[in-house]
J.: 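Can you keep this structure in mind? I'll have questions shortly.
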Amino acid sequence: MAEADPRAVLERLANERGEDLAGLSRLLGRNAAYIQQYIKRGTPKRLAEQDRRLLARYFDVDEALLAPPGAVQVRSGGPVAVPRLEVAASAGPGAFAEDKRANSHLAFDPGWLRRLAGDVRKLSMITVRGDSMSPTLSDGDEILVDEGDGSSRLRDGVYVLRMDDALLVKRLALNPSTRGISVCSDNPAYLNWPDCDPAGIDIVGRVVWAGGRIA
């Protein structure tokens with residue numbers, strides 16, 4: 001089931017309560033047109049986290065209803081719901097990068113997630129397609145991708161890359177002398193791309209965990 005548009009949710013809540021949009025803007029300490037522009041014009045594209053939290057408390061609803069589609073849902077004292085996106089990362093010939101929307105969420109212990117990633121809100125799950133990363137990753141495996149750990153902190157490891165209209169999952173290895181990056185497959189049946197220019201590699205995020213069916 002598609003997630004509800006948070007703008008439509010907020011507009012419905014305001015209408016049901018007979019709330020003035022300018023009054024809601026002032027509640028947030030914003031200019032009077034802020035909420036109206038958000039709902040009608042899509043500016044800003046998403047509410048700031050503190051604004052979502054305040055509005056959720058005011059309307060007595062789950063904060064997740066006001067979060068953008070695909071956002072990680074973090075609830076105080078409970079598990080973290082990480083979005084499973086409607087995309088696949090190819091470990092083979094190439095998979096098209098589809099619309100980045102969550103078709104479901106998978107709950108994880110927050111302490112465990114924080115040992116894997118600095119900001120759990122930057123995490124998402126996608127499916128592996130193909131066998132070029134075998135035996136490390138198999139076709140159908142679910143991988144946890146940290147989009148906050150990309151080009152700025154690049155080091156040897158497994159990453160999801162964007163190339164044209166495709167997503168790839170590959171092992172990256174840095175050459176300390178040339179500063180080039182080798183894009184490698186763990187399956188020796190596939191070719192590697194040695195010593196690539198880092199500027200030509202669009203890194204989505206680092207793979208920090210994988211899970212799949214045991215044959």
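Every heavy atom of this structure was used, including side-chain atoms; hydrogens, water molecules and symmetry mates were not. Note that the coordinates shown come from a computational prediction; the quantities given were computed from them, not determined experimentally.
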J.: Please tell me if the side chains of N192 and V183 come closer than 4.5 Å, counting only heavy atoms from C-beta onward.
T.: no
J.: Would a 4.5 Å heavy-atom cut-off, applied to side chains only, mark L167 and L161 as touching?
T.: no
J.: Can you sort out the partners of E142 under side chain to side chain contact (heavy atoms under 4.5 Å, CB included), two or more places apart, ordered by chain and number?
T.: R84, M125, T127
J.: Atom CG in D149, atom CG in L154: separation rounded to 0.5 Å?
T.: 9.0 Å
J.: Taking side chain to side chain contact (heavy atoms under 4.5 Å, CB included) as the test, write out the residues that go with D139, two or more places apart.
T.: R129
J.: Is the shortest side-chain heavy-atom distance between V9 and V61 below 4.5 Å?
T.: no
J.: Could you tabulate the donor-acceptor pairs under 3.5 Å formed by side-chain atoms of residues 202-215, not counting sequence neighbours?
T.:
{"unit_1": "D202", "atom_1": "OD2", "unit_2": "R162", "atom_2": "NH1", "d": "3.3"}
{"unit_1": "R206", "atom_1": "NH1", "unit_2": "D156", "atom_2": "O", "d": "3.3"}
{"unit_1": "R206", "atom_1": "NH1", "unit_2": "Y159", "atom_2": "OH", "d": "2.8"}
{"unit_1": "R206", "atom_1": "NH2", "unit_2": "D156", "atom_2": "O", "d": "3.3"}

J.: In Å, rounded to the nearest 0.5 Å, how long is the span from OG of S124 to CG of L85?
T.: 4.5 Å
J.: Only distances under 3.5 Å count here; give the side-chain donor-acceptor pairs of residues 36-44 to other protein atoms, sequence neighbours excluded, each with its distance to 0.1 Å.
T.:
{"unit_1": "K40", "atom_1": "NZ", "unit_2": "E11", "atom_2": "OE2", "d": "2.7"}

J.: Identify, with sequence neighbours excluded, every residue that meets salt bridge (Lys or Arg N to Asp or Glu O under 4.0 Å) alongside D146.
T.: none
J.: Taking side chain to side chain contact (heavy atoms under 4.5 Å, CB included) as the definition, give me every residue that meets it alongside T178, ordered by chain and number, with sequence neighbours left out.
T.: N175, D195
J.: Quick one: does Y58's side chain get under 4.5 Å of R53's, heavy atoms only?
T.: no
